[in-house]
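Okay, structure first, notes after.
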Amino acid sequence: RVHLVESGGGSVQAGDSLKLSCVVSGYTEDNCVGWFRQAPGKEREAVAAIVTQGRRTYYPDSVRGRFTISMDNTKNTLYLQMTSLKPEDTAMYYCAADCVGAVSGSWWYVRSSETTSWGQGTQVTVSS
């Protein structure tokens, strides 16, 4: 069974940095791991992912250049380094295992699937 435990959320000022961690256990498929976020009234969206096949990383335009995803396989820990945080980054952040890459026209993106496992979430609040 996949088990994901996030940590590192908090309340920061705009422009600050924050690093989220997620201990991943039980995920043997090694297809896709990533970070999603969900703000009140909005859909959950992927903000960073590592897709094993082809070793691609994904970032939407909203965070590209500010967020960096990494995986330490020796510690089974997934990280999300967030810099230059903005108030619009305020959301609950979730670690995910078994996300999927998808294509819409010429646009490649990452989304969740029926088999995606989720952590409990960690709140990130950015004030202006």
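When side chains are defined from C-beta on, R111 counts as touching S113, because their heavy atoms get closer than 4.5 Å. L20 places none of its side-chain heavy atoms less than 4.5 Å from the side chain of Y94. For the pair M82 and W35, the minimum side-chain heavy-atom distance is 4.5 Å or more. Side-chain contact between V23 and K75: absent, with no pair of heavy atoms (C-beta onward) separated by less than 4.5 Å.
Between G121 and E6, the shortest heavy-atom contact is N-OE1, 2.9 Å. In terms of heavy-atom proximity, L4 sits nearest to A97 at CD1-N, 3.8 Å. Closest approach of S117 and V2 over heavy atoms only: OG-CB, 3.6 Å. Summarising the geometry of V33 relative to I69, their closest heavy-atom pair is O-CD1, 4.1 Å, with the distance given to 0.1 Å. Annotation for Y58 and Y109: closest pair CE1-CA, 3.5 Å, computed over non-hydrogen atoms. Summarising the geometry of G101 relative to W108, their closest heavy-atom pair is CA-NE1, 3.9 Å, with the distance given to 0.1 Å.
Both Y93 and M71 are part of a single hydrophobic cluster, where members link through side-chain heavy atoms under 4.5 Å apart. V24 and V110 are not part of a single hydrophobic cluster, where members link through side-chain heavy atoms under 4.5 Å apart. V51 and V103 fall within the same hydrophobic cluster, defined by Ile, Leu, Val, Met, Phe, Trp and Tyr side-chain heavy atoms under 4.5 Å apart, directly or through other members.
Listed by first and then second residue, the disulfide (SG to SG under 2.5 Å) pairs that reach into residues 57-128 are C22-C95, C32-C99, sequence neighbours excluded.
A donor-acceptor pair is defined here as one N or O able to donate and one able to accept, closer than 3.5 Å; such a pair exists between the side chain of S25 and the backbone of H3. Checked by atom type and distance alone, the side chain of R64 pairs as donor or acceptor with a backbone atom of Y59 at under 3.5 Å.
Note: Q13 CD to T125 OG1 = 11.5 Å, rounded to the nearest 0.5 Å. Taking OG of S84 as the reference point, atom NZ of K86 lies at 8.0 Å (rounded to 0.5 Å). Atom CD of E43 and atom OG of S112 lie 9.5 Å apart (nearest 0.5 Å). How far CE of M92 is from OG1 of T122: 7.5 Å, rounded to the nearest 0.5 Å. Between the CZ atom of R66 and the CG atom of D89 there is a distance of 4.0 Å, given to the nearest 0.5 Å. The line from CG of L78 to CG of N73 is 10.0 Å long, rounded to the nearest 0.5 Å.
Listed by chain and residue number, R37 satisfy the salt bridge (Lys or Arg N to Asp or Glu O under 4.0 Å) test with E45 (two or more places apart in sequence, or in another chain).
Counted by atom type alone, Y27 and D98 present one or more donor-acceptor pairs between their side chains at under 3.5 Å.
Aromatic ring orientation, W118 versus F36: perpendicular (interplanar angle above 60°, classes split at 30° and 60°).
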Checklist entry - Can you check side chain to side chain contact (heavy atoms under 4.5 Å, CB included) on V126 and E88, steps first, answer last? => result CA-CA 8 Å; V126 185; E88 50 263 44; over 6 Å; no
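When the shell of 6.0 Å around CD of Q120 is examined, it contains more than 12 heavy atoms from other residues, nucleotides or ligands.
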